[in-house]
Amino acid sequence: MLSGRLNPDLQAQADRTRSHFCGEKVIVRGLFEFSNYCARSCLYCGLRKDNPAVRRYRIEPREIFRLAGAAAGKGFETIVLQSGDDLYYSRPAICALIKKIKDKYPDLALTLSIGERPRDDYRAFRESGADRYLLKHETINPELYRRLHPGQSLKNRLRILDYLRKIGYQVGPGSIIGLPGQTISDLADDILFFQSFQPDMIGIGPFIPQKDTPLKDHPSPPLGLILNFIALARLVTQNSHIPATTALATLGKEAGEIAALKAGANVIMVNLTPHAYQKDYLIYDNKARIGLKQARAAIKDAGRKISLARGDSLKSG
Ligand code: SAH
């Protein structure tokens, strides 16, 4: 079933499941990529510390606060703060930022996507008011995981996900589809992982080569494979929030996003990173820039309605 060929029956069934459990609204969340510094060397990622070709930037917490306020002013009820694994932002600095945002905008849901940190940081961020944490497990094959992530282990990644959930975050693991050496059987295991973990949110995207990384010559997978994967993830989780990701839009242009919305996805993340920085957050090449305008168009074309609502987890605890 997980072939590159589109499977219309599978997609239609996933679309019905999405409609039944998530409704017709596509939830739009605002994403800020606030730093492209990274302490890690993931083989696929353009932000890896061993890539000297990146122009590095950091947005200071004071400026992040201002940007969050602007997003809230536009009606966004969720903002996602993402970065490389950048320990320049200390625990107290991030806690202070979270508190400042949540004090001023108590109804805003705050999602962190800042990678692996000491355990106590996760707890402190949660106690400061962070609501959700995105941490893709990338691949559930431990050997493949080890090859792609020098110095990291799948076991630790999964432990962190369990811990995040235990201390009350809504949690979002996720997979990259089309990694070198990844098999259909690996992808099936990813789906089974979603079935047992029942994530609040799931990030699914194709591998896309980045020219300054060791995997620069490895091709992206066919769009059909990702759409089938999204559909299966929808079928086994029923009500998890599944975005039509930027990577998909990059691969399939607007058609990729629309197709994902029709294959089980119910969320879009729009990029609110200031333009001056967006071009330097190059996790992969030719990264699409999904703004509110593009999101609106894709949602309309998919025959759905836009919502800026918080879109909290639909899982019942
Ligand atoms: N440092 C954070 C955020 C990383 S960027 C963390 O580790 O969680 C967010 C996601 O970009 C990663 O989880 C990874 O799945 C994705 N990504 C990075 N490089 C990619 C590539 N070449 N192709 C597809 N996805 C990629």
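Remember, it's a predicted structure, so these values are computed and weren't measured experimentally. Counting convention: from 1, in listed order, for ligands and their atoms alike. In this chain, residues are counted from 1 in sequence order.
- Considering backbone and side-chain N/O atoms, Ser113 never comes within less than 3.5 Å of an N/O atom of ligand 1.
- Nearest heavy-atom pair across Arg132 and Tyr169 is C-CD2, 3.6 Å.
- Considering backbone and side-chain N/O of Tyr281, none are found under 3.5 Å from N/O of ligand 1.
- Ranking protein heavy atoms by distance to atom 10 (C) of ligand 1, first place goes to Lys136 CD, 4.4 Å.
- Numbered from 1 in the order shown, with element, the atoms of ligand 1 that lie under 4.0 Å from a heavy atom of Gly115 read 2 (C), 6 (C), 7 (O), 8 (O).
- Ligand-side atoms of ligand 1 in range of Cys45: 18 (C), 19 (N), range being under 4.0 angstrom from any heavy atom.
- Asn239 places a side-chain N or O within 3.5 Å of a backbone atom of Leu314 that can act as its donor or acceptor partner.
- Below 30°, between 30° and 60°, or above 60°: for Tyr105 and Phe65 the angle between ring planes is between 30° and 60°, a tilted geometry.
- The protein heavy-atom contact nearest to atom 22 (N) of ligand 1 is Ile208 O, 2.7 Å.
- The aromatic ring centres of Phe34 and Tyr89 sit less than 6.0 Å apart.
- Protein heavy atom closest to atom 19 (N) of ligand 1, with residue, atom name and distance, is Tyr44 CD1, 3.3 Å.
- Counting only distance, with no hydrogens or angles, the side chain of Asn36 and the backbone of Leu47 share no donor-acceptor pair below 3.5 Å.
- For Ser83, a nitrogen or oxygen atom sits less than 3.5 Å from a nitrogen or oxygen atom of ligand 1, counting backbone and side chain alike.
- When Thr250, Ile176, Leu282 are ranked by how near their heavy atoms come to atom 26 (C) of ligand 1, first place goes to Ile176.
- Polar contact check, Gln210 against ligand 1: no nitrogen or oxygen pair lies under 3.5 Å apart.
- Of all protein heavy atoms, the one lying nearest to atom 1 (N) of ligand 1 is Asp85 OD1, 2.7 Å.
- In terms of protein heavy atoms, atom 8 (O) of ligand 1 is closest to Arg157 NH2, 3.4 Å.
- At least one test fails for Arg117 against the ring of Phe125: distance under 6.0 Å to the centre or angle within 45° of the axis.
- If you number the atoms of ligand 1 from 1 as listed, the ones under 4.0 Å from a heavy atom of Glu138 come out as 12 (C), 13 (O), 14 (C), 15 (O).
- Among protein heavy atoms, the minimum distance from atom 24 (C) of ligand 1 is reached at Pro206 O, 3.1 Å.
- Remark: Asp162 CG is packed, more than 12 non-hydrogen atoms of other residues, nucleotides or ligands lying under 6.0 Å away.
- From the protein, the heavy atom lying nearest to atom 9 (C) of ligand 1 is Gln82 NE2, 3.6 Å.
- Of all the atoms in ligand 1, the ones that sit under 4.0 Å from a non-hydrogen atom of Gly84 are 1 (N).
- Partner of Ile114 under the side-chain contact (heavy atoms from CB on, under 4.5 Å) criterion, chosen from Leu135, Asp85, Leu134, Ile94: Ile94.
- Aromatic rings of His149 and Tyr44 (six-membered ring for Trp) have centroids within the 6.0 Å cut-off, being under it.
- Close approach to Ile283 involves these atoms of ligand 1, each under 4.0 Å from a residue heavy atom: 11 (O), 18 (C), 19 (N), 22 (N).
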